[in-house]
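Everything below concerns the one structure shown next.
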Amino acid sequence: QVTLVESGGGLVQAGGSLRLSCAASGRTFSTEAVVWCRQAPGKERAFGAASTRSGDSTSLADAVKGRFTISRDNAKNTVLLQMNSLEPDDTAVYYCAAGGIISRSSRLYDYWGQGTQVTVSS
């Protein structure tokens, strides 16, 4: 069992940066791939960034490639999402999730946090 709690969301102007943090509890965290997904108002949840169990390989959605970076520290049970050059279209609730293998499909992740709101003003 893994419990996830996101933090770091907020209001930022376009072009600014935010760093989201996902704190995990549970002894199996280091064996789980992790993902950041986001859901904008009126839209379906979308893939953002994912990391393998060890963090040696990551995957980014085209919409965030070059601007977002995902990283993890298994010793601290933490996953970070560094978001730079933010755009109004990045406005969404951001969710952290953990699962067995790295995937762009949110259905393959078993454990989800409650989400944190990110709002980017123009």
Side-chain angles (χ1 to χ4, degrees):
Q1 184 75 20
V2 177
T3 301
L4 304 168
V5 179
E6 303 96 334
S7 62
L11 174 64
V12 64
Q13 289 187 331
S17 298
L18 281 176
R19 187 175 72 172
L20 304 184
S21 179
C22 177
S25 62
R27 288 183 290 179
T28 63
F29 176 70
S30 63
T31 67
E32 309 282 354
V34 292
V35 68
W36 284 96
C37 293
R38 62 186 185 179
Q39 187 165 18
K43 296 185 178 180
E44 294 186 352
R45 192 170 297 184
F47 168 77
S51 170
T52 55
R53 301 167 183 175
S54 64
D56 60 348
S57 181
T58 62
S59 178
L60 295 168
D62 289 345
V64 306
K65 200 169 292 183
R67 301 186 297 122
F68 291 12
T69 303
I70 184 172
S71 61
R72 68 187 294 170
D73 185 339
N74 287 337
K76 296 182 179 180
N77 280 5
T78 301
V79 182
L80 300 177
L81 184 68
Q82 179 66 44
M83 306 186 295
N84 299 326
S85 301
L86 283 162
E87 304 167 354
D89 283 348
D90 295 318
T91 295
V93 177
Y94 284 70
Y95 298 91
C96 173
I101 59 173
I102 187 172
S103 172
R104 294 188 170 214
S105 173
S106 61
R107 293 175 295 177
L108 297 184
Y109 293 88
D110 300 313
Y111 310 106
W112 289 82
Q114 82 290 348
T116 185
Q117 175 70 47
V118 171
T119 303
V120 184
S121 63
S122 57

Practice problem: State plainly whether one hydrophobic cluster holds both F68 and V35, where clusters connect Ile, Leu, Val, Met, Phe, Trp and Tyr through side-chain heavy atoms under 4.5 angstrom apart. | Solution: no
Practice problem: Could you pull out the closest heavy-atom pair between S17 and N84, with the gap in Å? | Solution: OG-OD1, 2.9 Å
Quiz item: Quick one: does T78's side chain get under 4.5 Å of S21's, heavy atoms only?
Solution: yes
Quiz item: Are any of the side-chain heavy atoms of Y109 and C37 separated by less than 4.5 Å?
Solution: no
Practice problem: State, with a plain yes or no, whether a side-chain heavy atom of W112 is found less than 4.5 Å away from one of R45. | Solution: yes
Quiz prompt | Closest contact, heavy atoms only, E32 versus A98 | solution = CB-CB, 3.9 Å
Practice problem: Indicate the atoms forming the closest heavy-atom contact of A50 with I102, along with that distance. | Solution: CB-CG1, 3.7 Å
Quiz item: Is there a path from L60 to L86 through hydrophobic residues (I, L, V, M, F, W, Y) whose side chains come within less than 4.5 Å of each other?
Solution: yes
Quiz item: Of the non-hydrogen atoms in S54 and N74, which two are nearest, and what is the gap between them?
Solution: CA-ND2, 4.3 Å
Quiz item: Rounded to the nearest 0.5 Å, how far apart are OH of Y95 and OG1 of T116?
Solution: 10.0 Å
Quiz item: Sub-3.5 Å donor-acceptor pair from the side chain of Q82 to the main-chain atoms of T69, do we have one?
Solution: no
Practice problem: Taking the side chain as every heavy atom from C-beta outward, state whether D90 and M83 have any pair of such atoms under 4.5 Å apart. | Solution: no
Practice problem: Answer whether the closest heavy-atom distance between the side chains of Q117 and T91 falls below 4.5 Å. | Solution: yes
Practice problem: Could you tell me which residues satisfy side-chain hydrogen bond (donor to acceptor under 3.5 Å, both in side chains) with K65, sequence neighbours excluded, listed by chain and number? | Solution: D62
Self-check item: Minimum-distance pair of heavy atoms, taken over all atoms of I101 and A33
Solution: C-CB, 3.4 Å
Quiz item: Going only through I, L, V, M, F, W and Y residues with side-chain contacts under 4.5 Å, is there a path from F47 to V34?
Solution: no
Quiz prompt | Non-hydrogen side-chain atoms of V5 and Q114 separated by less than 4.5 Å | solution = yes
Quiz item: Just how far is it from atom CD of Q1 to atom CG of D110, taken to the nearest 0.5 Å?
Solution: 9.5 Å
Quiz item: How long is the gap from CG on D89 to NZ on K43, to the nearest 0.5 Å?
Solution: 6.0 Å
Self-check item: Heavy-atom side-chain proximity of W36 to L80 below 4.5 angstrom
Solution: no
Exercise. Measure from the side-chain N and O atoms of R72 to the backbone N and O of V79, and report whether any donor-acceptor pair falls under 3.5 Å.
Key: no
Self-check item: Joint hydrophobic cluster, Y111 plus L81, side-chain heavy atoms closer than 4.5 Å
Solution: yes
Quiz item: So, does Q13 use its side chain to make a donor-acceptor pair with the main chain of S121 at under 3.5 Å?
Solution: no
Quiz item: Under 4.5 Å between any side-chain heavy atoms of R104 and S59, yes or no?
Solution: yes
Quiz item: side-chain hydrogen bond (donor to acceptor under 3.5 Å, both in side chains) with Y94: which residues, sequence neighbours excluded?
Solution: R38
Quiz prompt | CG on D73 to OG on S30, rounded to 0.5 Å | solution = 11.5 Å
